[in-house]
Amino acid sequence: MADRRTALPALAAAAALAVALPAAGQTWRTVSSSRQLAGERELAVQVEYGAGRLKVEPAAAGLLYRFELRYDEERSRPVTEYDRAGGRLRLGLDNVRNRSLRGRQSGRADVALSPEVPLTLDLAFGAGEADVELGGLSLQRVELSTGASDSEIRFSAPNRIEADEVRVEAGAAHLEVMGLGNSRARRFAFEGGLGDATLDFSGAWTRSAEVSVEMGMGSVTLRIPRSLGVRVEKDSFLASFDAPGMVRRDGAWFTRNWDDARHRLTISIDAAIGSIDIDWID
């Protein structure tokens, strides 16, 4: 997965369709770009967006990607860098002036990605609101990070391929990750600081998985289908843990169907001050 600190080569940015339109006010502009599919076999996608409203969704048939951005041209510049030979795409916004984030809530970024091409997705989002729909894509690996944001990430439909890992990092955020069973991932990792997070493991399960949860001073709710066998290992300082219906043996907590369940979740929790709750869902 591409290092966020390393700029990708802009080998074909000029070839992408780009239209600049004046927006409300003197410095706000709207740009859009898109590219048709051209036999790509896989793509590493990096999305970086500092503040505002971010939307991510599957693209229409025949499109590799679509990107629309509303931004303040006095403070930042849009980034669309596509390296076809290297199989890499970078979308986002670069700061050109060191100014306050005040007023950037008016900014907006809409990203659509092809469901037809296997993707590794690296998405970094700062402050504001994020609405991220990843259901129905072909995701090999996902890494998401959010700052002081209100974010909802959904896998509303099954991933077209099996994923290796879904990793989420959250700062002082309110975060919901829904339908993780549809990601078809072998491993889930969550790391949180402040705030509250809900990790929902509903979906069409096709394999067993491992889950790691690291939490600082916030709260985490794990929503888990009753049909899954669940094993929990907890290493915490002052965090409370509520897992009704589980029994403890050999230093861990187990659901009563652990031995017979078709698919299992093995959960490792490392938490400091806060709370971890499990809600069982049908």
Between Ile224 and Leu265, is the side-chain contact (heavy atoms from CB on, under 4.5 Å) condition met? List the steps. CA-CA 9 Å; Ile224 302 175; Leu265 281 185; 4.2 Å; yes
Qualifying residues under salt bridge (Lys or Arg N to Asp or Glu O under 4.0 Å), relative to Glu233, sequence neighbours excluded: Arg231
Glu116 side-chain N/O to Ser114 backbone N/O, donor-acceptor pair under 3.5 Å: no
Sub-4.5 Å side-chain heavy-atom contact between Asn182 and Asn159: no
Using only atom types and a distance under 3.5 Å, with no angle test, would you say the side chain of Ser76 pairs donor to acceptor with the backbone of Asp72? yes
What's the verdict on salt bridge (Lys or Arg N to Asp or Glu O under 4.0 Å) for Asp164 and Arg186, showing C-alpha distance, side-chain angles and the deciding distance? CA-CA 5 Å; Asp164 179 55; Arg186 179 183 61 83; 2.9 Å; yes
With a 4.5 Å limit on heavy-atom distance, are the side chains of Ser32 and Phe67 in contact? no
Do Thr221 and Asp277 pair up side chain to side chain, a donor and an acceptor below 3.5 Å, judged on atom types alone? no
If the condition is side-chain contact (heavy atoms from CB on, under 4.5 Å), which residues does Ser138 pass it with, not counting sequence neighbours? Arg160, Ile161
Main-chain N/O of Gly179 paired with Asp200 side-chain donor or acceptor, under 3.5 Å: yes
Does the side chain of Glu176 reach to within under 4.5 Å of the side chain of Arg154, using non-hydrogen atoms? no
Least distance between heavy atoms, Trp205 atom then Pro225 atom: NE1-CG, 4.3 Å
So which heavy atom on Thr146 is nearest to which on Ser151, and how close? CG2-OG, 3.8 Å
Do Ser156 and Glu133 pass the side chain to side chain donor-acceptor pair (under 3.5 Å) test, and can you show the C-alpha distance, the side-chain angles, and the key distance before you say yes or no? CA-CA 7 Å; Ser156 298; Glu133 174 61 82; 2.7 Å; yes
Could you go step by step and tell me if Glu143 and Thr120 meet the side-chain contact (heavy atoms from CB on, under 4.5 Å) rule? CA-CA 8 Å; Glu143 184 167 345; Thr120 59; over 6 Å; no
Ser212: side-chain contact (heavy atoms from CB on, under 4.5 Å) partners, not counting sequence neighbours: Arg187, Ala189
Before giving the answer on salt bridge (Lys or Arg N to Asp or Glu O under 4.0 Å), spell out for Arg223 and Asp279 the whole-Å C-alpha distance, their side-chain angles and the decisive distance to 0.1 Å. CA-CA 5 Å; Arg223 302 182 72 245; Asp279 288 346; 5.1 Å; no
Are the side chain of Arg141 and the backbone of Glu165 linked by a donor-acceptor contact shorter than 3.5 Å? no
Within the 4.5 Å heavy-atom criterion, are Leu63 and Tyr65 side-chain neighbours or not? no
Is NZ or CZ of Arg264 both nearer than 6.0 Å to the six-membered ring centre of Trp258 and within 45° of the ring axis? yes
Name all pairs fulfilling the ring pair (Phe, Tyr, Trp, His ring centres under 6.0 Å) condition that reach into residues 178-201, sequence neighbours left out, sorted by first residue then second. Phe188-Phe201
Can you check whether Thr80 reaches Tyr82 side chain to side chain, under 4.5 Å on heavy atoms? no
Applying side-chain hydrogen bond (donor to acceptor under 3.5 Å, both in side chains) as the test, list every pair that has at least one member in residues 244-256; sequence neighbours left out. Thr255-Asn257
Which residues pass the salt bridge (Lys or Arg N to Asp or Glu O under 4.0 Å) test with Asp282, not counting sequence neighbours? Arg226
With side chains defined as the heavy atoms from C-beta onward, is the minimum distance between Val230 and Trp280 less than 4.5 Å? yes
Residue pair Leu222 / Ile267, side-chain heavy-atom distance below 4.5 Å: yes
Should Asp196 and Ser219 be marked as a side chain to side chain donor-acceptor pair (under 3.5 Å) after you check the CA-CA gap, both sets of side-chain angles, and the distance that decides it? CA-CA 5 Å; Asp196 62 281; Ser219 62; 5.3 Å; no
Tyr49 side chain vs Ala51 backbone, donor-acceptor pair below 3.5 Å: yes
Apply the test salt bridge (Lys or Arg N to Asp or Glu O under 4.0 Å) to residues Arg207 and Glu162: give CA-CA distance (whole Å), side-chain angles for both, the deciding distance (0.1 Å), then the verdict. CA-CA 9 Å; Arg207 66 197 300 189; Glu162 289 189 339; 3.4 Å; yes
N/O donor-acceptor pair under 3.5 Å between Arg88 side chain and Glu81 backbone: no
